[in-house]
Enquirer: 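Could you have a look at this structure, given as structure tokens, before my questions?
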Amino acid sequence: MPTVNITLPDGKVLSFDGPVTGLGVAERIGARLAKDALGVKVDGELRDLSAVIDRDAAVSIVTYKGRDGVVSADALKLVRHSAAHIMAEAIGRVVPGALLVYGPALEDKFYYDIKFPEERPLREGDFAKIEEEMGRIVSEDRKFTRYEINPEEGLVRLKQEGNKYKVDNAERAMMAAGGSSLGTRHSALSFYATGTPGKDWEDLCRGPHVPSTGRIGAIKVLSLASSFWHGDENSDRLTRVYGTAFATQAEMDAYFALKEEAAKRDHRVLGKQLHLFHIDESVGQGLILWTPNGGVVRDQLQKFISEELVKQGYHQVFTPHIGRLELYKTSGHFPYYKESQFAPVIEREALEELSKSGCSCSEMMHRVEGVSARLAATINERTQKQTITPDRVLADDKLVEGFMLKPMNCPHHIKIFASRAYSYRDLPVRLAEFGTVYRWEQSGELNGMTRVRGFTQDDAHLFCTEDQVAAELIGCLSLVKTVLGTLKMENYRVRVGLRDPDGKKYTGSASAWDKAENACRDAARTLGVAFSEEPGEAAFYGPKIDFVVKDVIGREWQLGTVQVDYQLPVRFGLSYTGADNKPHVPVMIHRAPFGSLERFTGVLIEHFAGAFPAWLSPEQVRVLPISEKSNAYAHRVAGELRARGVRVGVDDGNERVQGKIKVAAEMKVPYMAVVGPRDAEHGTVSVRVRGQEKDAGAMALGAFVEGVAGEIAGRVAGLGVRP
RNA sequence: GCCGGUGUAGCUCAGUGGUAGAGCAUCGCUUUUGUAAAGCGAUGGUCGCAGGUUCGACUCCUGUCACCGGCUCCA
């Protein structure tokens with residue numbers, strides 16, 4: 001029998017006289033490890049502890065916590081996938097006739113997609129019963145037992161069970177096995193019994209699993225959702241049951257504590273508490289009303305960004321919220337993106353005429369989407385192909401004119417560029433606008449400020465020569481660096497979207513693409529943060545750079561983007577005069593590095609948990625008189641602060657100072673200035689700094705005013721004013 | 001859009017077919033206060049909206065609107 005040499009993570013080699021199981025390896029290392037082991041990793045592949053290793057391999061034993069005390073992601077995967085089986089069995093007992101589909105482990109939970117009988121859907125009211133059943137299965141500590149049967153037999157068996165989903169799973173597994181180098185392992189179908197095959201509950205499953213159900217210390221059903229088979233909305237609708245599991249109850253408690261922590265930072269909750277914004281049914285879903293406090297935050301952000309743009313040579317422009325349909329037919333936004341746009345606004349006269357002539361809805365849409373022969377010819381000539389197909393061309397008297405709520409700012413900015421002649425000496429031209437756009441997001445996708453239907457982008461369009469692209473990209477990224485640095489959101493990464501090597505959909509020459517892609521890479525490097533290259537992620541009109549920030553509790557948020565565009569300048573026939581006195585097509589760069597003010601503010605609220613730095617705070621100082629007797633002095637203090645541009649409030653109500661402090665703390669006001677007769681006499685204020693338990697002490701009013709004003713002017717991230 | 005949940009006072013939430021409630025906020029009175037809520041009183045609701053069942057509906061049914069969680073990290 002050939003010797004099997006097992007290399008452990010520390011480099012030590014154990015020799016066995018023949019095939020050995022993962023458990024066997026663990027036992028050789030130590031009894032304690034064998035007891036704690038949940039699974040095994042063989043040459044990097046996660047397997048059952050009972051898996052037989054019959055060749056030399058690098059092996060590590062998977063336990064819940066490694067020596068460093070960190071919970072192993074592999075262990076959680078084993079635990080959660082096993083938990084999915086336990087949940088499925090429990091559900092099967094509670095709701096007979098439910099067909100299992102697919103149940104993987106996720107990052108912090110697991111789910112099982114299940115087809116429930118029409119007459120017996122699963123409800124949240126069933127959770128308690130399911131959890132009771134799961135508890136029973138865990139306490140029975142049944143072994144997860146793997147066995148394999150040949151595909152033909154397996155398929156027959158699955159078909160007998162009448163579960164087309166599992167049959168499909170098996171067929172897919174066989175297909176995958178056919179193309180896999182690991183063919184031997186997949187040439188059979190594997191089943192797992194939660195206990196004894198033939199007697200206990202079984203499921204077609206690739207595995208791996210923990211050794212037995214008792215190894216799952218905590219398991220819970222979380223929620224219900226709907227999903228589609230294979231994620232295809234035209235396919236069967238399934239019910240997705242989410243749950244989570246941990247090896248210990250303490251870990252699960254910690255998980256829910258963290259969830260609660262995140263919930264407290266929820267910008268929708270804080271937005272209400274701190275009166276930052278309001279969404280009103282009668283205005284419309286996904287439409288943000290910025291209330292005065294939120295208005296301050298937005299205004300400060302805009303001012304900050306605007307100042308930086310001036311430094312970078314941008315020009316501020318302003319454009320209306322709507323534009324003629326023809327504009328968007330020229331740009332290609334309509335009707336191409338019509339599903340994600342608000343419906344066009346049709347001119348009244350055209351509408352009346354249509355209704356008089358008895359025009360049907362579909363006919364009307366056709367006439368709204370139609371393009372005049374003149375425009376079609378122009379665009380086809382400019383793009384040198386049949387961009388506008390003949391079926392969209394209509395006689396002028398058939399065309400229905402109208403306007404669109406703008407889904408993008410670029411067409412308006414392009415028209416500003418085109419409104420005068422430029423020479424190469426004038427380039428680059430940088431047009432910036434906090435431009436409000438409207439998009440028809442699906443109602444289920446809407447979410448507070450982070451996913452809305454009307455939003456204001458920190459938008460700009462740069463028109464430059466091909467040679468200037470690289471420098472302009474670097475400029476865009478340096479702005480991001482400055483802004484995120486000032487906000488102390490320095491944990492972010494960028495994604496560089498490149499063209500697919502063999503894609504044909506792209507416009508622009510290959511050499512221009514190479515140049516632009518290299519420029520994107522070079523620009524990303526100048527940031528000094530992690531960046532990834534993602535082939536195939538470019539837009540069809542040019543490469544792009546996306547920004548993703550990580551907030552203080554580790555969640556990632558996709559913000560804005562910088563995109564190089566060869567397409568629109570062509571469609572709009574833009575040109576500048578080159579040194580050769582000939583017309584040249586400029587390259588356009590679209591950039592909205594913070595995405596939208598709505599999303600960015602939402603992310604900021606969560607990042608700071610509502611406790612903004614002083615310069616962003618709606619109320620920067622609140623003056624708290626000890627009693628009515630000190631009200632006059634309190635207002636004098638406030639007056640001096642206000643004169644230096646500080647946003648200050650006075651709580652001169654008939655409450656005790658303890659109460660005033662509590663309320664100001666809840667509103668997360670950065671500084672409180674408590675004033676009583678003593679302060680009035682000495683010209684001081686007693687300072688309280690947000691986040692600190694105690695009174696920081698008294699300081700001269702003048703010094704306090706200057707300290708706060710200076711901190712605000714410097715956009716300092718922390719609260720540094722102290723006596 | 002789809003599945004499940006939720007919708008009651010400005011906010012947070014009780015209320016399982018028989019006269020709509022609490023705390024906070026607001027307003028008034030008392031207190032004149034030195035560092036995370038002093039006391040008393042008052043105001044405030046078409047119970048999301050529209051139908052239906054019933055002697056009677058916040059409660060049960062149907063529809064509708066909105067919000068929340070989710071809608072593959074591929075056996």
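Quick note on labels: first sequence line is chain A, next is B, and so on, each numbered from 1.
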Enquirer: Is A:P618 close to A:L274 at the side-chain level, that is, under 4.5 Å between some pair of heavy atoms?
Expert: no
Enquirer: Can you tell me if A:K166 touches the phosphate of B:A75, counting only side-chain N or O atoms and a distance under 4.0 Å to OP1 or OP2?
Expert: no
Enquirer: Can you see if the side chain of A:N447 gets near the phosphate of B:G69 - specifically, an N or O under 4.0 Å from OP1 or OP2?
Expert: yes
Enquirer: Could you identify the nucleotide paired to B:U16, looking across every strand shown and requiring Watson-Crick or G-U wobble geometry with both distances under 3.5 Å?
Expert: none
Enquirer: Could you give me the CA-CA distance, side-chain angles and deciding distance for A:R599 and A:Q558, then say whether side-chain hydrogen bond (donor to acceptor under 3.5 Å, both in side chains) is met?
Expert: CA-CA 9 Å; A:R599 175 175 292 177; A:Q558 154 89 52; over 6 Å; no
Enquirer: Indicate whether OP1 or OP2 belonging to B:A37 is found under 4.0 Å from a side-chain N or O atom of A:Q658.
Expert: no
Enquirer: Send over the distance from A:I626 CD1 to B:U33 P, rounded to a whole Å.
Expert: 10 Å
Enquirer: Have a look at A:S627 and say if it touches a base, only the backbone sugar-phosphate, or nothing, with a 4.0 Å heavy-atom cut-off.
Expert: base
Enquirer: For A:R688, answer base if it contacts any base atom (sugar-phosphate contacts may also be present), sugar-phosphate if it contacts only those atoms, and nothing otherwise; contact means non-hydrogen atoms under 4.0 Å.
Expert: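 The residue A:R688 makes base contact.
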Enquirer: Hey, is the side chain of A:D679 pairing donor to acceptor with the base of B:G34 inside 3.5 Å?
Expert: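 Yes.
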Enquirer: Under the 3.5 Å rule, do the base of B:G34 and the side chain of A:S686 count as making a donor-acceptor pair?
Expert: yes
Enquirer: Please confirm whether the backbone N or O of A:H267 pairs with a side-chain atom of A:E606, one donor and one acceptor, at under 3.5 Å?
Expert: yes
Enquirer: Tell me whether the side-chain N/O atoms of A:R268 come closer than 4.0 Å to OP1 or OP2 in B:C68.
Expert: yes
Enquirer: Tell me which nucleotide among B:G70, B:A36, B:A37 gets nearest to the side chain of A:R240.
Expert: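 Shortest atom-to-atom distance from the side chain points to B:G70.
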Enquirer: My understanding is that a pair needs two contacts under 3.5 Å, Watson-Crick or G-U wobble. By that rule, which nucleotide pairs with B:U53?
Expert: none
Enquirer: For the side chain of A:Y102, starting at C-beta, report the closest nucleotide among B:G70, B:G34, B:C74.
Expert: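 From the listed options, B:C74 comes nearest.
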Enquirer: Without decimals, in angstroms, what is the distance between A:R678 CZ and B:U35 C1'?
Expert: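 Going from CZ in A:R678 over to C1' in B:U35 covers 11 Å.
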Enquirer: How many angstroms lie between atom CD of A:E619 and atom CG of A:D651, to the nearest 0.5 angstrom?
Expert: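 Taking CD in A:E619 and CG in A:D651, the distance rounds to 9.0 Å.
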Enquirer: Please give the distance between the C1' atoms of B:A14 and B:C47 as a whole number of Å.
Expert: 13 Å
Enquirer: On RNA chain B, compare the nucleotides closest to A:G659 and A:Y242; which residue's is nearer the 5' end?
Expert: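 The residue whose closest nucleotide sits nearer the 5' end is A:G659.
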Enquirer: Strictly by Watson-Crick or wobble contacts shorter than 3.5 Å, is anything paired with B:C71, and which nucleotide is it?
Expert: B:G1
Enquirer: Round to the nearest Å and state the distance from A:M667 atom CE to B:C24 atom P.
Expert: 18 Å
Enquirer: Got a salt bridge between A:E89 and A:R142, using NZ or NE/NH1/NH2 to carboxylate O under 4.0 Å?
Expert: yes
Enquirer: Just to be sure I understand the rule, does A:S630 reach a base, reach only the sugar-phosphate, or reach nothing, if contact means heavy atoms closer than 4.0 Å?
Expert: nothing
Enquirer: Which base sits across from B:C58 as a Watson-Crick or G-U pair, both distances under 3.5 Å?
Expert: none
Enquirer: Output the rounded distance in Å from CG (A:L446) to P (B:C65).
Expert: 14 Å
Enquirer: Would you name the heavy atoms of A:R268 and A:N447 that are closest together and state the gap between them?
Expert: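 Here A:R268 and A:N447 meet closest at NH1-ND2, 3.1 Å.
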Enquirer: Can you check the A:R622 CZ to B:A36 P distance for me, whole Å?
Expert: 16 Å
Enquirer: Between A:R206 and B:C74, does any side-chain N or O lie under 4.0 Å from OP1 or OP2?
Expert: no
Enquirer: With a 4.0 Å limit, can you tell me whether A:Q285 has a side-chain N or O closer than that to the phosphate oxygens OP1/OP2 of B:C65?
Expert: no
Enquirer: Would you kindly give the CG-to-C1' distance between A:N631 and B:U33, to the nearest whole Å?
Expert: 12 Å
Enquirer: Determine the interatomic distance between P on B:A22 and the same-named atom on B:G41; round to the nearest Å.
Expert: 12 Å
Enquirer: Looking across every strand, which nucleic acid part, if any, lies under 4.0 Å from A:V674 by heavy atom: base, sugar-phosphate, or nothing?
Expert: base
Enquirer: Would you mind checking if A:R495 and A:E537 are paired as a salt bridge, meaning a charged N to carboxylate O distance below 4.0 Å?
Expert: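 Not counted as a salt bridge, because no side-chain N and carboxylate O are separated by less than 4.0 Å.
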Enquirer: Could you tabulate the donor-acceptor pairs under 3.5 Å formed by side-chain atoms of residues 664-679 of chain A, not counting sequence neighbours?
Expert:
from   : atom 1 : to     : atom 2 : distance (Å)
A:K668 : NZ     : A:A609 : O      : 3.4
A:Y671 : OH     : A:E711 : OE1    : 3.0
A:Y671 : OH     : A:E711 : OE2    : 2.9
A:Y671 : OH     : A:G720 : N      : 3.0
A:Y671 : OH     : A:V721 : N      : 3.0
A:D679 : OD1    : A:T684 : OG1    : 2.6
A:D679 : OD1    : A:S686 : OG     : 3.4
A:D679 : OD2    : A:G676 : N      : 3.1

Enquirer: Quick check for you: among B:A36, B:U32, B:A75, whose closest atom lies nearest to any side-chain atom of A:K629?
Expert: B:U32
Enquirer: Checking contacts here: which listed nucleotide (B:U32, B:G70, B:A75) is nearest the side-chain heavy atoms of A:L189?
Expert: B:A75
Enquirer: Starting at NZ of A:K77 and ending at C1' of B:A75, how long is that distance when rounded to a whole Å?
Expert: 13 Å
Enquirer: Hey, is the side chain of A:R656 poking within less than 4.0 Å of OP1 or OP2 on B:A38, counting only N and O atoms?
Expert: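 Indeed, a polar side-chain atom of A:R656 lies that close.
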Enquirer: Expressed as a whole number of Å, how far does the C1' atom of B:C27 sit from that of B:C67?
Expert: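 The same atom, C1', in both gives a distance of 32 Å.
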Enquirer: Classify A:V675 by what it touches in the nucleic acid, base, sugar-phosphate, or nothing, heavy-atom distance under 4.0 Å.
Expert: nothing
Enquirer: For B:U30 versus B:G44, give the span between their P atoms, rounded off to a whole number of Å.
Expert: 23 Å
Enquirer: Could you say whether A:P104 or A:V685 is positioned toward the 5' end of RNA chain B, judged by the nucleotide with the nearest heavy atom to each?
Expert: A:V685
Enquirer: Provide the distance between the two C1' atoms, one in B:U64 and one in B:G7, to the nearest whole Å.
Expert: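 To the nearest whole Å, 13 Å.
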Enquirer: Considering only nitrogen or oxygen atoms on both sides, find all protein atoms under 3.5 Å from nucleotides 4-13 of chain B and state each distance.
Expert:
from  : atom 1 : to     : atom 2 : distance (Å)
B:U12 : OP1    : A:K272 : NZ     : 3.4

Enquirer: Which atom names give the shortest non-hydrogen contact between A:R47 and A:P208, and what distance separates them?
Expert: C-CB, 3.5 Å
Enquirer: Quick one: CG on A:L76 to CD on A:E251, what's the gap to the nearest 0.5 Å?
Expert: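 A:L76 atom CG to A:E251 atom CD measures 7.5 Å (nearest 0.5 Å).
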Enquirer: Before you tell me yes or no, could you show the steps for A:D48 and A:Y192 under side-chain hydrogen bond (donor to acceptor under 3.5 Å, both in side chains), namely the whole-Å CA-CA distance, both residues' side-chain angles and the distance that decides it to 0.1 Å?
Expert: CA-CA 11 Å; A:D48 290 334; A:Y192 277 82; 2.4 Å; yes
Enquirer: Do NZ/NE/NH1/NH2 and the carboxylate oxygens of A:E161 and A:R157 come within less than 4.0 Å?
Expert: yes
Enquirer: For the P atoms, the ones on B:G15 and on B:U8, what distance do you get once it is rounded to whole angstrom?
Expert: 13 Å
Enquirer: Mind calculating the distance between CG (A:D651) and P (B:A38) to the nearest angstrom?
Expert: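 Taking CG of A:D651 and P of B:A38, I get 12 Å after rounding.
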Enquirer: Within the structure shown, what part of the strands sits under 4.0 Å from A:E445 by heavy-atom distance: base, sugar-phosphate, or nothing?
Expert: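 A:E445: base contact, heavy atoms under 4.0 Å.
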Enquirer: Using purine N1 to pyrimidine N3 plus N6-O4 or O6-N4 for Watson-Crick, or N1-O2 and O6-N3 for G-U wobble, both under 3.5 Å, which nucleotide pairs with B:A38?
Expert: B:U30
Enquirer: Could you tell me the Watson-Crick or G-U partner of B:A66, where both distances fall under 3.5 Å? Say none if there is no partner.
Expert: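 Partner of B:A66: B:U6.
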Enquirer: Please give the distance between the C1' atoms of B:U12 and B:G18 as a whole number of Å.
Expert: 29 Å
Enquirer: Only pairs with both distances under 3.5 Å count, Watson-Crick or wobble alike; so what is the partner of B:C47 in this structure?
Expert: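 B:C47 is unpaired by these criteria.
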Enquirer: On a whole-Å scale, what distance lies between the P atoms belonging to B:U46 and B:A20?
Expert: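 Looking at atom P only, B:U46 and B:A20 are 13 Å apart.
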